[in-house]
Amino acid sequence: MANILAIETSCDETAVAIVSRGRELLANQVASQIDTHARFGGVVPEIASRQHLLALNPLIRKALEEADLDWSGIDAVAVTQGPGLVGALLIGVSTAKALAWALGKPLLAVNHMAGHIYANMLSDKDVEYPLVCLVVSGGHTELISMSGDMTFEILGQTRDDAAGEAFDKVARVLELGYPGGPVLDKLAQEGRDELDFPRTMLEEGSLDFSFSGLKTAVLNHVHNLRQKGEAVNKADVAASFQAAVVDVLRRKTEMAVDRVAPVSLMLAGGVAANSQLREAMEDLATARGISLLVPPQHLCTDNAAMIAAAAWPLFVRNRQDNLDLNAIPGLDLDDIVENC
Ligand code: KG4
Ligand code: ZN
């Protein structure tokens with residue numbers, strides 16, 4: 001038996017999961033705060049922390065019930081250490097430390113981005129290395145190469161807005177609500193990609209991203225039409241914006257694949273739920289004759305099952321973090337943190 005109970009509180013979802021051997025989902029509880037933050041048009045950090053505090057203990061109880069386990073069935077406690085909102089992270093970290101201490105079980109600190117990548121390990125398929133992973137979420141856009149388990153090299157990342165952040169800001173100006181990605185994705189299917197928005201590729205050969213020019217161009221387009229009293233075709237704006245984001249993500253990923261020559265390609269993070277991006281990555285993998293791994297939709301956005309999956313290789317290596325573990329809001333994927 002090797003059941004890891006994992007806690008995720010880095011942003012606006014309180015999540016608890018219990019996963020056996022890093023693969024088999026025994027419980028996956030997610031309490032979303034989206035409704036609470038929606039009226040502010042984005043996440044309010046102080047409110048997020050308070051909501052995590054209210055939601056976490058009942059959610060842990062629910063997870064144990066769902067897995068039909070009592071505390072004796074838990075072998076380790078994993079938690080997201082960062083990156084994320086510091087107050088939100090601290091609720092999870094403090095709870096995990098208390099649990100690990102009370103149970104006398106190992107405490108395992110997990111990087112949230114590693115979690116997104118390891119959501120792919122929850123599928124039945126075996127993962128082969130080297131691989132290239134495109135991680136696209138509300139806070140991050142990164143191209144990562146992995147030569148083996150838990151070995152990450154960042155090939156490129158955004159220099160300004162994350163892809164998901166651009167989706168959310170464009171959705172906000174189109175009055176589509178928060179979070180914008182899923183609604184914009186649906187609306188784009190009814191529109192035409194006919195508006196010429198910038199597809200910033202940066203310097204020749206760069207695997208970094210920049211989405212702020214695209215975001216500003218879309219916002220200016222909408223504001224100009226409104227100032228002139230003209231109608232905004234929201235579906236066309238959505239389709240043209242999404243096509244520009246997906247085109248840049250696909251071309252950069254293609255460059256990374258040609259550089260690393262991986263045996264597989266992975267997609268991860270909240271924006272991996274995007275239908276057009278999934279199709280583009282499928283086309284790319286097929287064209288290069290490599291396999292593609294994409295988590296199921298519900299494991300793309302924040303959850304704790306992915307944190308348990310990323311904690312598994314740490315557990316197997318007998319890693320055990322200390323009880324003075326602290327949240328690190330700016331934790332990088334390639335940071336080596338000695339908390340053991
Ligand atoms: O990974 P995630 O749940 O949270 C972070 O770690 O940031 O990602 C949330 C982001 C939001 O920006 C949301 O708008 C975006 O993922 N998202 C999508 C879709 N579903 C969620 N973006 C585009 N298309 C979607 N279908
Ligand atoms: Zn996330």
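Counting starts at 1 for both ligands and their atoms, in listed order. These values consider heavy atoms only, across backbone and side chains, with no hydrogens, waters or symmetry-generated copies. If you read the sequence from its start, that first residue is 1, and numbering goes on from there.
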So the atoms of ligand 1 within less than 4.0 Å of a heavy atom of G139 turn out to be 7 (O)
Ligand 1 atoms nearer than 4.0 angstrom to some heavy atom of V271 are 15 (C), 16 (O), 18 (C), 22 (N), 23 (C)
Salt bridge check, [Y] against [X]: does any charged N sit closer than 4.0 Å to a carboxylate O?
| X | Y | value |
| --- | --- | --- |
| K234 | D236 | no |
| R61 | E65 | no |
| E254 | R250 | yes |
| R251 | D258 | no |
| D149 | R317 | yes |

The answer for which part of N274 has a heavy atom under 4.0 Å from ligand 1 is both
The answer for which part of H112 has a heavy atom under 4.0 Å from ligand 1 is side chain
Does any N/O atom on [X] come nearer than 3.5 Å to any N/O atom on ligand 1?
| X | value |
| --- | --- |
| E165 | no |
| H116 | yes |
| G270 | yes |
| D185 | yes |
| G164 | yes |
| G269 | no |

Under 3.5 Å, which donor-acceptor pairs link side chains of residues 279-287 to any protein atom two or more places apart or in another chain?
| residue | atom | partner | partner atom | Å |
| --- | --- | --- | --- | --- |
| T286 | OG1 | E282 | O | 2.7 |

A student comparing C300, G138, P179, P182 should find that the heavy atom closest to atom 10 (C) of ligand 1 comes from G138
- Message: Report whether any nitrogen, oxygen or sulfur of H140 sits less than 2.8 Å from the Zn ion (ligand 2) (N, O or S, backbone or side chain).
- Response: no
Worksheet item: Got an N, O or S from C11 under 2.8 Å of the Zn ion (ligand 2)?
Response: no
The Zn ion (ligand 2) has as its nearest N, O or S atom from D302 the atom OD1
Discussion item. Tell me if a side-chain donor or acceptor on Q81 pairs with a main-chain N or O of L325 at a distance below 3.5 Å.
Written reply: no
(request) Please confirm whether the backbone N or O of F211 pairs with a side-chain atom of D160, one donor and one acceptor, at under 3.5 Å? (result) yes
Would you mind writing out the side-chain donor-acceptor pairs for residues 168-180 within the sub-3.5 Å range, not counting sequence neighbours?
| residue | atom | partner | partner atom | Å |
| --- | --- | --- | --- | --- |
| D168 | OD1 | G180 | N | 2.9 |
| K169 | NZ | E165 | OE2 | 3.1 |
| R172 | NH1 | G41 | O | 3.4 |
| Y178 | OH | D12 | OD2 | 3.4 |

